[in-house]
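These notes are about the structure you will find just below.
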Amino acid sequence: GTRPNGMVVRLQGFDKGVFGGNFHTHNSLYLPPGLDAVVFSNGADYVRGLRNAVAQASAGRVVMLVDSTDLLNRRHLFDRDNAWMRPYPWDVGEILTFDEVIEHGQGDELAIVTYGNGVPTALRARRTLEEDHGIRGVVVVDAPYLSDVPGGLATALPRFRGALFADVCKLG
């Protein structure tokens, strides 16, 4: 083909599911060359990232948005705190590029790098590290672009004493 065939594809049912069964949940991703795969952790980032995906598809790229069924209705991190609710990003100029990462927390001790459903799990782990073990300075780094190393990750990581990569699509 001499013409670009850009498109956005949505893959539903990643990681821990709310419906159960193999049809709705899978824990591995095949990433062939030329496919841009992104896994967002919350609705606001999904909207901002979808805007970028549509722009990339218009330029000829193929972008796959992978959804976690567990995140579809998530509102809370702890008890009934509404901590995972996000305001809708109405400004259409507000996009989330493939190179961007989102940091949750402050510090330079440990970066927990993850994506999708791993982000709320890592935030709960950060709380446990702080409250039960006295470990401060843990930052959860949400890196939704999976097809390559986001530029923002290379910029963020050098300041940390350590980094833990929590890949939610790997079993065991």
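Only a predicted model underlies this, so the values are computations on that prediction, with no experimental measurement involved.
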Query - Derivation of the side chain to side chain contact (heavy atoms under 4.5 Å, CB included) call for E130 and I135 - result: CA-CA 5 Å; E130 290 176 353; I135 299 173; 5.8 Å; no
Report summary line: Rounded to the nearest 0.5 Å, the CD atom of E94 sits from the CZ atom of R48 at a distance of 5.0 Å
Report task. Go through the steps to decide whether V38 and V66 satisfy the test side chain to side chain contact (heavy atoms under 4.5 Å, CB included), and finish with yes or no. Result -> CA-CA 6 Å; V38 287; V66 184; over 6 Å; no
Query raised in the report: Hey, what's the ring geometry for Y46 with F40, parallel, tilted or perpendicular (30° and 60° as the breaks)?
Result: perpendicular
Query raised in the report: Less than 4.5 Å apart, any side-chain heavy atom of R51 and any of P89?
Result: yes
Report task. Kindly say whether A83 contributes a backbone atom to a donor-acceptor pair with the side chain of R86 at under 3.5 angstrom? Result -> yes
Query raised in the report: Do the side-chain N and O atoms of Y145 and D36 include a donor-acceptor pair separated by under 3.5 angstrom?
Result: yes
Query raised in the report: Hey, does the side chain of N82 reach the backbone of M85 with a donor-acceptor pair shorter than 3.5 angstrom?
Result: no
Report summary line: When every non-hydrogen atom of V101 is compared with those of P150, the smallest separation belongs to CG1-CB, 4.0 Å
Report task. List for me each residue that meets side-chain contact (heavy atoms from CB on, under 4.5 Å) alongside V62, sequence neighbours excluded, and say none if there are none. Result -> M7, L35
**Report entry** Transitive ILVMFWY side-chain link L123 to L153, under 4.5 Å
**Finding:** no
Query raised in the report: Are V39 and L11 grouped together when hydrophobic residues (ILVMFWY) are joined by side-chain heavy atoms under 4.5 angstrom apart?
Result: yes
Query raised in the report: So if you build clusters from Ile, Leu, Val, Met, Phe, Trp, Tyr with side-chain heavy-atom gaps below 4.5 Å, do V139 and Y115 land together?
Result: no
Report summary line: I95 and E100 have their tightest heavy-atom pair at O-OE2, 3.5 Å
Query raised in the report: Are side-chain N/O atoms of S41 and D142 paired as donor and acceptor at under 3.5 Å?
Result: yes
Report task. Start with the C-alpha distance between L110 and I112, add both sets of side-chain angles, then the distance that settles side chain to side chain contact (heavy atoms under 4.5 Å, CB included), and finish with yes or no. Result -> CA-CA 6 Å; L110 175 66; I112 302 176; 4.2 Å; yes
Query raised in the report: Under the 6.0 Å and 45° cation-pi test, does R127 pair with F78?
Result: yes
Query raised in the report: Does the side chain of L71 reach to within under 4.5 Å of the side chain of P120, using non-hydrogen atoms?
Result: yes
Query raised in the report: Could you go step by step and tell me if R10 and D67 meet the side chain to side chain contact (heavy atoms under 4.5 Å, CB included) rule?
Result: CA-CA 7 Å; R10 177 178 177 257; D67 292 353; 2.5 Å; yes
Query raised in the report: Got a salt bridge between R159 and D108, using NZ or NE/NH1/NH2 to carboxylate O under 4.0 Å?
Result: no
Query raised in the report: Do V141 and T114 touch side chain to side chain, with heavy atoms closer than 4.5 Å?
Result: no
**Report entry** V63 with L146, same ILVMFWY side-chain cluster at under 4.5 Å
**Finding:** no
Requested in this report: Answer whether the closest heavy-atom distance between the side chains of P144 and L96 falls below 4.5 Å.
Outcome: yes
Requested in this report: Output yes when E131 and R136 qualify as a salt bridge under the 4.0 Å nitrogen-oxygen rule, no when they do not.
Outcome: no
Report task. Give the cluster check for F98 versus L50: same hydrophobic cluster or not, with ILVMFWY residues linked at side-chain heavy-atom distances below 4.5 Å. Result -> yes
Query raised in the report: Just wondering, do R80 and R75 contact through their side chains at under 4.5 Å, heavy atoms?
Result: no
Query raised in the report: Does D81 offer a backbone N or O that forms a donor-acceptor pair with the side chain of D79 under 3.5 Å?
Result: no
Query raised in the report: What residue pairs, at least two apart or across chains, pass ring pair (Phe, Tyr, Trp, His ring centres under 6.0 Å) with a residue in residues 51-76?
Result: none
Query - Residue D132 excluded, over 12 heavy atoms near CG under 6.0 Å - result: yes
Query raised in the report: Any side-chain heavy atom of V113 sitting closer than 4.5 Å to one from V140?
Result: no
